[in-house]
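The structure appears right after this line, and notes come after that.
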Amino acid sequence: MIHYAWIIALVPLASALLIFLFGKRLPGGGAIIGVVALAAGLVMSLAVLGTFVLHGDARPVSGSVEWFTIGPLQLRAGQFIDGLAAVMLVVVTFVSFCVHLYSVGYMKDDVRYTWFFVVIGVFTAAMLNVVIANNIFQLLVGWEVMGVCSYLLIGHWYEDKVNSNAAIKAFITTRTGDVFFLFGIFTLVTAMTTGGAPATANTNIQAINLAAATGHIPHGWLIAAALLLFGGVVGKSAQFPLYVWLPDAMAGPTPVSALIHAATMVAAGVYFMGRMFPVFLGAGSGVLQFIAIIAGITMLVAALLAMIQDDIKKVLAYSTISQLGYMVAGLSMGTAGFTPGLFQLFTHAFFKALLFLGAGSVIHSVHSNNMSEMGGLRKSMPVTFWTFLIGAAALSGIPPFAGFWSKDEIISTAFKEGHYVLWAVALVTAVITAFYMMRAVLLTFFGEYRGHGHPHESPVTMTVPLVLLAVPSATLGLVGAPQLNAVFADWVHVGELAHEPFEYGFAAVSLVGAGIGLLLGYRVYNRWRTPDPLRALGPAYSLLEHKYYLDDFYMHDIIRPIQYPIARGVDWFNTHVLDGVVNGVAALTRGLGKVVDVFDRRGIDGAVNTVGETAGFTGGLLKYLQSGNVQRYAVFLFAGVAILAFIFTRV
Amino acid sequence: MIRLPMVLFFSALLFSAGIYGVLARRNAVLILMSIELMLNAVNVNLVAFSQSLHQLTGQVFALFVIAVAAAEVGIGLAIVILIYRNRESINVDEINLLKW
């Protein structure tokens, strides 16, 4: 199976195509095709991962086919499946399967139901392509297609101006990072080409990694490449200062938020860092420290913002940014942080998807995103409540749920590697995380119901995915638990495999941090208070309310100054140059038209008419011979005979 | 014995008289009769050459011409009668409907 892992990426693409072509004519809008395709993809992914589960030291499998040749580059597209890719395949197909199933219920009666399934199918295929890619340009294709799908899905309900604005914002913000990303790729490929690597190796991810690890790429080039590539990661994985698109991306349907803006696409940046880890490692500690600073800022500012949100999806969105900060922080610690960072990526995908789908279930029921209109849903929505609780516990870092193991690993590694500031920030963020999750759970599920209408449990297609996701959210942390041999490290590691012993001291610190957060959350929000008690923070609250004025800064100091001169310039160009060209072409066309018209009338019509008139004129003359007088005919006859006789007798 | 050129001269005379009749006469019956003159001029020629060359072919051909002439006159007169019935006239100058 592992040799054919590329099929996994093609299955959702094929199903998307089928749905696109025939979906509207099929009962159920073709959704069933997507669900079945993802189920098949999940089974195949599990088979691939099975290889690594059975043989912890299984070798990576790669294969490729000729793609195209351009200049000195021979691009080969293919797959590279190691433990990391196998794990990601399972994560993506599993979450995507759950989201497909969930969407059958959630998106019921949607105006663009079939289209929705087409796009999430294409999205899944693109993400899987990023996962298996062994060529950096192949990865880029998936990376960009994901961006487009994200844009389409955020703006799924584009009739509402707010949604289409959010889609544009997300697209342009991530694109800002992607420009850096593209130049990072150029830098790497240029370095490879000038370094004299074979034509087929220049764009091969593993070859680049090898060259970076063995010092075949000059250090300066590596630093530039790593920083530029990290720019792409900042955009895609919503790091400070480009995270602003992700909360707005919550304008999309909730299953999309779960799939794209929590579990997979935003994880692509982190996955990419893991995939090209030698490049970042080779760039040296300065670059890694820079990444660590960004990650630290990201996790803390996002967690603080999550505290004050009223929209349940925004709480989860900021929480996602914060958790992505953890992952990047893990990777920024070098070799020791590689496994913890990616382990966080692995566990986070499950419980964040679970939380989003749970939130979606709540929203579906109360028809509002605002927690101020929820409350007391524990009784009316038991399945949603219990699964959401598992997700919240996992996110808050309560053992034995998944999030505890990964987060604790990152925090303890930070301390052990001597990144004390990062350790402190991560610990504070953990406290805040527990706090805002406690707040979200209390405001949503406890107390009195404050909304309108009658909340009810969601249909079975929505609750089944919740349960499906709750199981790994609760248990999958154990694959990284040192007490159980930390098998995750067998699958995903760099360099020599080293099993860290479980440090009860660090775990206790993390746990106390989470406990403090939960306790504080409970003290503040144990009963409904209005206005929000956090308003007591005064100016700090106001700062958070305005999202650190970051959006305003972008709007006033970056977008406007660029936008208006560009708009004016474009307007001038449009009226003077483009219109001039268009008018000129039009005038030219009219002139030519007149010439052609004259030629048509005088030339062609003239010829035709002349032929006709000549025939008519000749006929008009000759008709007088046809006098009807038989004797005159006889005269012609005898005259003819006489002439002929004369001619023949002369010869 | 009558010499051949004499006969041919007679026949040419007869034929010319026929042509004159066909071209100059206005009466349809007279035109038909002129045609008979032309045919018989031919017959005279045929018989004369037959005699002179000692071959019977010309005389046989003359018999055929006589038969055809009889048929032709029969049809021609029938047409003339019908025209007369319709138009009370057999003047060919007036029978000129088939024209432009």
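So that the names make sense, note that chain A is the first sequence line, chain B the second, and so on, each numbered from 1. Basis for what follows: all heavy atoms, side chains included, without hydrogens, waters or symmetry-related copies.
Residue-environment remark: CE (B/Met33) stays at or below the threshold of 12 foreign heavy atoms within 6.0 Å. Annotation for A/Glu159: atom CD counts as buried by contact number, over 12 foreign heavy atoms lying within 6.0 Å. Sparse packing is recorded around CZ of A/Phe617, with 12 or fewer heavy atoms of other residues, nucleotides or ligands lying under 6.0 Å away. Within 6.0 Å of the OH atom in A/Tyr113, the count of heavy atoms belonging to other residues, nucleotides or ligands exceeds 12.
Separation of atoms CZ (A/Phe638) and CD1 (B/Ile19) is listed at 5.0 Å; rounding is to 0.5 Å.
Residue contact with chain A, scored on non-hydrogen atoms closer than 4.5 Å, involves the side chain of B/Ile31 exclusively.
With 3.5 Å as the limit, one finds no donor-acceptor pair spanning the side chains of B/Arg25 and A/Gln631.
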